[in-house]
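This report refers to the structure that appears directly beneath it.
Predicted model only: the values in this text are computed from it and were never measured.
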Amino acid sequence: MLPSADSIDHFSRSELGLLPARTNPTVPRDSLRLITDWYFWLWAFDDGFCESELTGHRAAAVARALPSLLEGLDGDRGPEPGDVFGLALKGLLDRISAMATPEQLDRWRSAVKEYLFAQIWEAANREVDLIPTPEDYLLMRRTTGATYTCFALIDIGGGYRIETEDWYHPDVRALSDLACDLVGWDNDLLSYAKERRTDKARHNLVTVLATHKSLSLQDALLEVARMHDEAIAAFVDRRAAMERWAPPPVLDYVRGLEHWVRGHIEFSFGSARFVHAWPDDTRWPQAV
């Protein structure tokens with residue numbers, strides 16, 4: 001799945017396995033292994049396909065690759081022998097199916113499909129050297145980052161199930177959106193230096209705000225931090241409202257969202273994938 005020995009070495013040095021451990025600290029061992037394998041599929045697909053020189057700048061190439069993956073997710077067609085991403089996705093689908101209810105599986109499958117379609121949007125922007133507007137970016141960031149596909153594994157990995165009416169409750173949807181925003185924006189802050197080297201950081205909130213609001217780099221960074229703080233406050237307020245009605249599975253799921261937000265930050269501060277791309281004298285805050 002990885003295109004070169006350098007990619008394999010980079011993955012190893014980045015200690016990527018710490019992200020699933022940090023974001024899912026209470027799940028059983030077998031569940032954590034499955035979640036870890038899903039995260040690694042996403043990383044490999046992102047680096048080896050979505051951002052590759054052959055396909056990452058050609059929306060049509062990405063679009064042509066999707067039908068086999070989409071049909072594989074629905075079980076309508078098996079992957080071709082040489083389709084490494086399709087074969088790995090089929091194995092993951094089978095393992096998730098064995099652990100999840102049909103409804104949970106559909107939630108995960110729907111989130112994966114949205115993520116795959118969003119890659120066409122990113123490729124189209126690269127193809128014409130476009131930096132999206134803040135409105136477009138904030139909408140699409142929730143799906144391009146695949147975070148919802150990971151959130152859909154929270155109750156599956158935890159061995160419990162959220163009822164349909166609770167999953168779609170406005171409080172649960174709002175908390176999921178806010179957590180997704182926080183993860184995405186934190187990632188944009190921490191990965192900005194890395195992305196500047198590879199893709200002009202066009203799909204990064206810092207660049208989007210600096211470009212379309214005529215901000216300096218420092219002011220754009222501060223604006224993202226301000227938006228982050230507002231989202232944290234909104235999450236805390238919405239969580240208090242949710243606690244007045246939520247059954248235990250919903251409380252467990254929201255705790256899982258909190259693990260994701262905190263765990264992602266802790267992982268990023270310790271990962272060479274992000275930190276080593278910044279200047280050596282960069283001062284990082286200490287987690288508390």
Side-chain angles (χ1 to χ4, degrees), residues 1-2 20 24 27 30-52 54-56 58-124 139-169 172-173 176-177 180 183-184 249 253 256 260:
M1 293 170 68
L2 297 176
N24 300 272
V27 302
D30 288 345
S31 296
L32 183 58
R33 182 180 294 275
L34 173 60
I35 291 168
T36 299
D37 288 347
W38 172 241
Y39 290 12
F40 269 85
W41 188 95
L42 289 170
W43 276 314
F45 187 71
D46 186 59
D47 287 5
F49 182 83
C50 298
E51 296 183 4
S52 74
L54 292 177
T55 55
R58 298 164 56 208
V62 176
R64 283 194 295 270
L66 293 190
S68 62
L69 293 174
L70 296 171
E71 288 184 314
L73 282 169
D74 288 332
D76 295 333
R77 182 173 72 176
E80 297 295 327
D83 181 4
V84 292
F85 292 111
L87 289 167
L89 184 61
K90 174 64 166 59
L92 285 161
L93 175 64
D94 291 343
R95 291 164 63 194
I96 294 172
S97 299
M99 295 180 62
T101 67
E103 183 178 1
Q104 288 174 313
L105 179 62
D106 282 343
R107 293 171 188 165
W108 175 78
R109 194 157 39 197
S110 295
V112 174
K113 290 178 181 179
E114 291 178 358
Y115 160 73
L116 292 173
F117 279 119
Q119 303 316 302
I120 301 175
W121 178 78
E122 285 199 337
L139 174 66
M140 295 300 295
R141 185 65 173 94
R142 290 177 174 174
T143 50
T144 57
T147 310
Y148 281 132
T149 72
C150 302
F151 289 176
L153 294 177
I154 290 176
D155 62 336
I156 297 173
Y160 59 92
R161 180 173 64 89
I162 300 177
E163 299 294 339
T164 302
E165 59 270 23
D166 293 336
W167 179 260
Y168 291 106
H169 190 284
V172 176
R173 291 298 90 217
S176 297
D177 288 346
C180 187
V183 171
Y253 171 74
W260 234 103

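For the residue pair Ala118 and Thr144, the shortest heavy atom distance occurs at CB-CG2, 3.7 Å. The shortest heavy-atom contact between Leu42 and Cys150 is CD1-SG, 4.0 Å. The two residues Leu87 and Pro81 come nearest to each other via the heavy atoms CD1-O, 3.2 Å. Closest of all the heavy-atom pairs between Gly157 and Ser31 is O-OG, 2.9 Å.
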Practice item. Show your reasoning for whether side chain to side chain contact (heavy atoms under 4.5 Å, CB included) applies to Phe151 and Thr147. Key: CA-CA 6 Å; Phe151 289 176; Thr147 310; 3.4 Å; yes
Practice item. Verify side chain to side chain contact (heavy atoms under 4.5 Å, CB included) between Leu139 and Trp121, making sure each step is shown before the conclusion. Key: CA-CA 12 Å; Leu139 174 66; Trp121 178 78; over 6 Å; no
Practice item. Before giving the answer on salt bridge (charged side-chain N to carboxylate O under 4.0 Å, His left out), spell out for Asp177 and Arg173 the whole-Å C-alpha distance, their side-chain angles and the decisive distance to 0.1 Å. Key: CA-CA 6 Å; Asp177 288 346; Arg173 291 298 90 217; 5.3 Å; no
Exercise for review: Output, in order, the C-alpha distance, side-chain angles, deciding distance and verdict of side chain to side chain contact (heavy atoms under 4.5 Å, CB included) for Ile120 and Leu66.
Suggested key: CA-CA 9 Å; Ile120 301 175; Leu66 293 190; 3.6 Å; yes
**Study point:** Residues Leu116, Phe45; criterion side chain to side chain contact (heavy atoms under 4.5 Å, CB included); working and verdict
**Key:** CA-CA 10 Å; Leu116 292 173; Phe45 187 71; 3.7 Å; yes
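The shortest side-chain heavy-atom distance between Asp74 and Arg109 falls under the 4.5 Å cut-off. Looking at Glu165 and His169, their side chains never come closer than 4.5 Å, going by heavy atoms from C-beta outward. Contact of the Leu73 side chain with the Trp108 side chain is registered, since non-hydrogen atoms from C-beta on lie closer than 4.5 Å.
Put simply, the side chain of Arg77 never gets that close to the backbone of Gly72: no donor and acceptor are under 3.5 Å apart. Put simply, the side chain of Tyr115 never gets that close to the backbone of Tyr148: no donor and acceptor are under 3.5 Å apart. Listed for the Ser97 side chain is a donor-acceptor partner under 3.5 Å among the backbone atoms of Leu93. For the pair Arg107 (side chain) and Ala152 (backbone), a donor-acceptor distance under 3.5 Å is absent. Side-chain atoms of Gln104 come within 3.5 Å of backbone atoms of Thr101 as a donor-acceptor pair (strictly under, hydrogens ignored). Judged purely by atom type and a 3.5 angstrom limit, Asp83 has no side-chain atom pairing as donor or acceptor with the backbone of Pro79.
One side chain, Trp38 or Thr149, offers a donor N or O that lies under 3.5 Å from an acceptor on the other.
For the atom pair CH2 of Trp260 and SG of Cys180, the computed distance is 9.0 Å after rounding to the nearest 0.5 Å. Taken to the nearest 0.5 Å, the CG atom of Leu89 stands 5.0 Å off from the CH2 atom of Trp41. Taken to the nearest 0.5 Å, the CG atom of Leu105 stands 9.0 Å off from the OG atom of Ser110. Between the CG atom in Leu69 and the CD atom in Gln119 there is a gap of 11.0 Å [rounded to 0.5 Å]. Here the CG-CD1 distance, from Asp155 to Ile162, works out to 4.5 Å after rounding to the nearest 0.5 Å. Separating the CD1 atom in Ile35 from the CG atom in Leu153 is a distance of 5.5 Å, to the nearest 0.5 Å.
Salt bridge status for Asp37 with Arg33: absent, with no side-chain N to carboxylate O gap under 4.0 Å.
Counting non-hydrogen atoms of neighbouring residues, nucleotides and ligands closer than 6.0 angstrom, the NZ atom of Lys90 reaches no more than 12 such neighbours. Residue Glu80 qualifies as open at atom CD: its count of foreign heavy atoms under 6.0 Å is 12 or below.
Relative ring orientation between Phe40 and Trp43 is described as perpendicular, the plane-to-plane angle rising above 60° on a 0-90° scale split at 30° and 60°.
With Trp167 as the aromatic partner, Arg161 does not meet the cation-pi criteria of under 6.0 angstrom to the ring centre and within 45 degrees of the ring axis.
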